[in-house]
Amino acid sequence: TSSRDVIEIFQPILADLPHEEFWALLLNKANKVIEKVRVSQGGVAGTVVDVKIIIKSAVEKLASSIIIAHNHPSGNPKPSDKDISITKKLKETGNLLDISLLDHIIITDNECYSFADNGNL
């Protein structure tokens, strides 16, 4: 129901990792989690994210919406240009298939950033 709920799911998984990981929460119409999907695992400075993989997972599980999350091992929660780009691309692609992107959360060891809470979605 909120970014806090998503942070509670992903903070224990992502906060202390020395490398980036990108995850998607697939949700049903009632915003209940169908599945957590690790989309990619990368290095200390980034990871490759393919929108097609996220959308494929969502379609296969008949998800109504998606929330994406990844970590920044650097500790800086500010979204990069790449983070902003993937969010925009996923939102546009999801809209074509009636799969809403509800939020994109960036997790660090001390702070988190929510695209939705900051009006960037």
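Heads up: numbering here begins at 1 and tracks the sequence.
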Using 0.5 Å steps for rounding, measure from the [atom1] atom of [X] to the [atom2] atom of [Y].
| X | Y | atom1 | atom2 | value |
| --- | --- | --- | --- | --- |
| Ile68 | Lys91 | CD1 | NZ | 11.0 Å |
| Ile67 | Asp5 | CD1 | CG | 8.5 Å |
| Ser114 | Ile7 | OG | CD1 | 7.0 Å |
| Leu14 | Asn71 | CG | CG | 5.0 Å |
| Ile34 | Ser57 | CD1 | OG | 11.0 Å |
| Leu101 | Ile66 | CG | CD1 | 6.5 Å |

Would [X] end up clustered with [Y] when hydrophobic side chains under 4.5 Å apart are linked, directly or stepwise?
| X | Y | answer |
| --- | --- | --- |
| Val51 | Leu26 | yes |
| Val37 | Ile55 | yes |
| Val39 | Val59 | yes |
| Leu97 | Leu121 | yes |
| Ile86 | Phe10 | no |

Using a 3.5 Å distance criterion without hydrogens, assess whether the side chain of [X] forms a donor-acceptor pair with backbone atoms of [Y].
| X | Y | answer |
| --- | --- | --- |
| Ser65 | Leu102 | no |
| Gln11 | Thr108 | yes |
| Ser85 | Asp81 | no |
| Ser74 | Asn76 | yes |
| Thr47 | Gly42 | yes |

Handout entry: Shortest non-hydrogen separation from Ile99 to Ala63 and the atoms involved
Key = CG1-O, 3.7 Å
Practice task
For atom CG of Asn95, decide whether the heavy atoms of other residues, nucleotides or ligands shown that lie under 6.0 angstrom number more than 12.
Solution key: yes
Are side-chain heavy atoms of [X] and [Y] found at a separation under 4.5 Å?
| X | Y | result |
| --- | --- | --- |
| Pro73 | Glu20 | yes |
| Arg38 | Glu21 | yes |
| Ile106 | Pro79 | yes |

Exercise for the section: List the steps and the verdict of side chain to side chain contact (heavy atoms under 4.5 Å, CB included) for Cys112 and Ile107. Expected result: CA-CA 5 Å; Cys112 298; Ile107 307 279; 3.8 Å; yes
Exercise for the section: Sequence neighbours left out, what passes side-chain contact (heavy atoms from CB on, under 4.5 Å) with Lys29? Give chain and number order. Expected result: Ser64
Practice task
Before giving the answer on side chain to side chain contact (heavy atoms under 4.5 Å, CB included), spell out for Lys36 and Ile13 the whole-Å C-alpha distance, their side-chain angles and the decisive distance to 0.1 Å.
Solution key: CA-CA 11 Å; Lys36 280 188 302 200; Ile13 297 169; 3.8 Å; yes
Problem - Pair Asn120-Tyr113, side-chain donor/acceptor within less than 3.5 Å - result: yes
Exercise for the section: Would you please say whether a donor-acceptor pair under 3.5 Å links the side chains of Ser3 and Asp103? Expected result: no
Exercise for the section: Go through the steps for Asn31 and Thr1 under the test side chain to side chain contact (heavy atoms under 4.5 Å, CB included), then give the verdict. Expected result: CA-CA 7 Å; Asn31 286 342; Thr1 58; over 6 Å; no
Problem - Residues forming a ring-ring contact (aromatic ring centres under 6.0 Å, His included) with His104, sequence neighbours excluded - result: Phe22, His70, Phe115
